[in-house]
2 protein chains.
Amino acid sequence: MPKQTFFHLSKDKQDTLIEAAKKEFSRVPLHEASIANIIKSAGIPRGSFYQYFEDKEDLFYYLLNQLSVKNHLRFISVLQEKNGDLFETLITNFQFMLEVHRDQEHKNFFRNVYLNMNYKNEKTLAYHVYEENQKTQYFNIIKLIDTTKLNIHNEQELHHVIKIVMGITFQNLVQLFAKDYSDEEALKNYLVQIDLLKRGLLKN
Amino acid sequence: MPKQTFFHLSKDKQDTLIEAAKKEFSRVPLHEASIANIIKSAGIPRGSFYQYFEDKEDLFYYLLNQLSVKNHLRFISVLQEKNGDLFETLITNFQFMLEVHRDQEHKNFFRNVYLNMNYKNEKTLAYHVYEENQKTQYFNIIKLIDTTKLNIHNEQELHHVIKIVMGITFQNLVQLFAKDYSDEEALKNYLVQIDLLKRGLLKN
DNA sequence: GTTGACTTATGACATGGTGTCATCTATAAT
DNA sequence: ATTATAGATGACACCATGTCATAAGTCAAC
């Protein structure tokens with residue numbers, strides 16, 4: 001998290017900094033991004049940067065977290081609309097993500113995130129969904145899921161189901177960027193995989 | 001790939017370098033690793049390093065590829081033993097991986113790989129070979145799978161099935177390191193997820 | 001309105017990392 | 001012996017990070 005000093009800044013200055021960061025992290029992935037570029041773009045001296053943030057990662061994950069909170073809220077709202085149908089929600093959400101990427105800078109930012117999707121990134125993106133440390137958030141979601149349609153026997157298995165579908169969703173987003181799929185191709189692949197998950201991989 | 005000059009070195013000197021690299025990449029993940037440490041440990045001057053490799057990444061992916069070739073061969077051999085049963089093969093292979101990690105340096109190396117499992121890492125691990133050979137190797141595996149037990153209608157779907165199970169397998173290996181699971185816990189989780197995949201997530 | 005305590009701003013700098021290049025050395029070929 | 005070709009070497013230019021001494025601002029209390 002940014003240091004307190006950052007939050008004492010005017011909303012304006014905060015936004016300028018966040019914008020500068022987003023610009024740099026859209027240009028190149030985290031490990032190639034340079035603080036020099038961010039401060040030049042934001043027009044602040046180097047020392048100030050370290051008044052506000054621990055380091056580059058601190059700023060990056062603050063930004064990534066902010067963006068995924070939006071996703072999380074949308075996910076919950078779609079889940080409610082769809083009356084707890086997990087699969088419908090996933091698909092609608094996937095389509096939303098494709099739409100959001102119409103903005104080029106946004107798209108480049110997420111390309112850099114997904115093509116360097118390590119554990120910490122995934123955790124930040126999915127934190128509000130299945131990380132157990134945030135019990136309340138987690139229960140907010142599972143309470144909404146209509147489990148009567150799911151082929152599970154206990155809450156433990158529901159947890160695994162969520163891990164599986166989130167994993168496959170991330171994987172498809174990575175493929176979207178890695179293979180440079182069109183929205184249609186990406187959605188088609190996702191639908192096939194979700195369908196396979198629903199009906200099972202084993203012939204019965 | 002390393003430059004030709006590297007392959008002109010004596011097997012001994014090659015091994016010394018590879019060992020030094022493995023040591024450094026076991027200590028810290030790729031982006032924190034320093035060439036200075038590798039050359040100090042291998043006892044070669046800085047200039048020589050750049051005679052042999054393009055850069056740090058070049059060496060890292062050469063090493064990672066070497067290690068995953070072993071995995072790949074084992075996977076194929078298990079698949080044959082199990083008469084093409086994909087799920088049995090996955091589970092046996094998962095157990096093998098847990099065993100391999102008994103060696104501490106090996107384990108640390110793979111911890112650093114899996115906790116920073118980006119697209120390029122996964123691609124290197126999953127295909128075990130450089131670009132040119134991918135297709136051949138891939139068909140080698142496909143041919144061995146007994147598809148009569150799988151709930152699929154065409155080769156396209158088989159392709160998706162493989163993506164799904166590989167994705168879930170990687171995800172479980174990441175969790176193993178991230179959550180510091182015991183071998184038993186990790187295996188238990190993996191078995192539950194594979195079982196869910198087999199029988200399908202939707203109640204029928 | 002002066003003092004003092006605390007917070008914030010600033011940029012020069014120490015440190016450490018990367019990749020290059022001019023130069024030296026070894027080996028092979030004629 | 002001479003020349004060409006490949007390999008070895010470490011000093012160096014360049015760039016990035018994080019720190020720190022110092023300056024500047026804020027605010028409450030007297």
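Below, chain A is the first sequence line, B the second, and so on; all start at residue 1.
As rounded to whole Å, 19 Å separates atom P of C:dT7 from atom CZ of A:F6. D:dT17 atom C1' lies 14 Å from atom CG of A:L30, rounded to whole Å. At whole-Å resolution of the value, CG in A:L17 and P in C:dA9 are 11 Å apart. Atoms CG (B:D55) and C1' (C:dG19) sit 10 Å apart, rounded to a whole Å. Note: NE2 (A:H31) to C1' (D:dT17) measures 16 Å, nearest angstrom. Nucleotide D:dT17 holds its C1' atom 11 Å from the CD1 atom of A:I39, rounded to whole Å. Distance CZ (A:F53) to P (D:dG18): 13 Å, rounded to an integer number of Å. Straight-line distance from the OH atom of A:Y50 to the P atom of D:dA16: 12 Å, rounded to whole Å.
Across C:dT10, D:dT17, D:dT9, the shortest atom-to-atom separation from the side chain of A:Q51 is found for C:dT10. For A:L9, taking side-chain heavy atoms from C-beta onward, the closest of the listed nucleotides D:dA8, C:dA9, D:dG18 is C:dA9. Ranking C:dT10, D:dG18, D:dA8 by closeness to the A:P45 side chain, first place goes to C:dT10. Here D:dA8 is the nucleotide among D:dA8, D:dT17, C:dT10 with the atom lying nearest to any side-chain atom of B:Y52. Side chain of B:S34, nearest nucleotide from D:dG7, C:dT10, C:dG17: C:dG17. For A:R46, the side-chain atoms get nearest to D:dT19 when compared with the rest of D:dA8, C:dG17, D:dT19.
Separating the CG atom in B:N118 from the CG atom in A:N116 is a distance of 5.5 Å, to the nearest 0.5 Å.
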>> side chain to side chain donor-acceptor pair (under 3.5 Å), that's the test. Do A:Y61 and A:N121 meet it? Break it down for me.
In response: CA-CA 8 Å; A:Y61 285 107; A:N121 284 9; 2.7 Å; yes
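Judged by distance alone, the side chains of A:N172 and A:Q193 do bring a donor and an acceptor atom under 3.5 Å apart.
As judged by a 4.0 angstrom heavy-atom cut-off over every strand, B:I44 is placed among residues making no nucleic acid contact. As judged by a 4.0 angstrom heavy-atom cut-off over every strand, B:S48 is placed among the base-contacting residues.
Just one of A:F96, A:F109, A:F110, A:Y181 meets the ring-ring contact (aromatic ring centres under 6.0 Å, His included) condition when paired with A:H101; it is A:F110.
OP1 and OP2 of D:dA6 both lie 4.0 Å or more from every side-chain N or O belonging to B:H8.
Taking the six-membered ring for Trp and the full ring otherwise, the centers of B:Y138 and B:H159 sit less than 6.0 Å from each other.
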